[in-house]
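Whatever order the structure lists them in is the order used to number ligands and atoms, beginning at 1.
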Amino acid sequence: MVLKGCIFDLDGVIVDTAKYHFLAWKRLADQLHIKFTVNNNERLKGVSRMDSIEIILELGNMRPDLKKKEEYAALKNKWYVEYITKMTPDEILPGSTELINELRRAGIKTAIGSASKNTPLILRRVGIEKLFDAVADGNVVHKAKPDPEVFLAAARMLGLKPRCCIVFEDAIAGVQAAVNAGMACVGIGSPAILSKANCVVPGLKELTLEKLLQIKI
Ligand code: BG6
Ligand code: MG
């Protein structure tokens, strides 16, 4: 493989926003008297806001109409935005900026591929907007991972073929989206969970360009 582009998921790969998503979903679940645990939260990783609402309501065996679901999603997002508005550059996960800068110095293009509509706010808060040549996020794509749309859009924005790109993902749905896009994938997390990735590491700090070039695709 000739590596020309690296596409990063945002939540759980570059920043640890999963804890804020959990706190906001938990607050909504408590308000609706739905039992919601850290374990249940795993199912929401990488999943779009409206699909997450469906999962939570299913846990509570509730079937409200669409208007009500949109109200719940807006409420959760209001609480979530309160958390992320307070984020600082300290919340960038270890090794992320070092790896991205190394890739860019080597002429490799970098992009974000995230389901989140809050991507621009998070990038601004932690001060890393300038590290990416393109941002494909929930504001420009509509099909949720495991659909490959977000990664294909990122590659298109970079002007690259999918087979020249590596995706970095922490969610099962995200790894599957990379596979569906015909891209190589580095899983961030546990090999048992992200078994479809080409390789799995605990975090970006384990990686260098040299190590990336050694991955068997
Ligand atoms: C993904 C997160 O990146 O974005 C999900 O892993 C989240 O947990 C999804 O639901 C949508 O995010 P947002 O910020 O648009 O609600
Ligand atoms: Mg993620």
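- By the 4.0 Å N-to-carboxylate-O rule, E71 lies close enough to K68 to be salt-bridged with it.
- Of the candidates K86, K19, R125, E91 forms a side chain to side chain contact (heavy atoms under 4.5 Å, CB included) with just one, namely K19.
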One pair per line, please: each N/O atom of ligand 1 matched with every protein N/O atom under 3.5 Å away, atom names first, then the distance to 0.1 Å.
residue  : atom   : partner : partner atom : Å
ligand 1 : 3 (O)  : D11     : OD2          : 2.6
ligand 1 : 6 (O)  : G46     : N            : 2.8
ligand 1 : 8 (O)  : L44     : O            : 3.4
ligand 1 : 10 (O) : V47     : O            : 2.8
ligand 1 : 14 (O) : S116    : OG           : 2.7
ligand 1 : 14 (O) : N118    : ND2          : 2.7
ligand 1 : 15 (O) : R49     : NH2          : 3.0
ligand 1 : 15 (O) : K117    : N            : 2.7
ligand 1 : 16 (O) : R49     : NE           : 2.8
ligand 1 : 16 (O) : R49     : NH2          : 3.4

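- Considering K145, E169, K196 in turn, K196 is the only one that fulfils the side chain to side chain donor-acceptor pair (under 3.5 Å) rule with Q176.
- A single hydrophobic cluster is seen to contain both V13 and L209, as judged by linkage of ILVMFWY side chains at heavy-atom distances under 4.5 Å, directly or through other members.
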When you look at F168 and F8, which way does the ring-ring contact (aromatic ring centres under 6.0 Å, His included) test go after all the steps? CA-CA 5 Å; F168 300 77; F8 295 85; 4.4 Å; yes

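- Between K76 and H21, the side chains place a donor N or O and an acceptor N or O closer than 3.5 Å (distance only, hydrogens not considered).
- To the nearest 0.5 angstrom, L103 atom CG is 9.5 Å from T208 atom OG1.
- Sorted by chain and number, the protein atoms of type N, O or S within less than 2.8 Å of the Mg ion (ligand 2) are D9 OD2, D11 O, D170 OD1.
- For N118 and N77, the side-chain atoms include at least one donor-acceptor pair closer than 3.5 Å.
- Atom-to-atom distance recorded for R43:CZ and S52:OG is 10.0 Å, nearest 0.5 angstrom.
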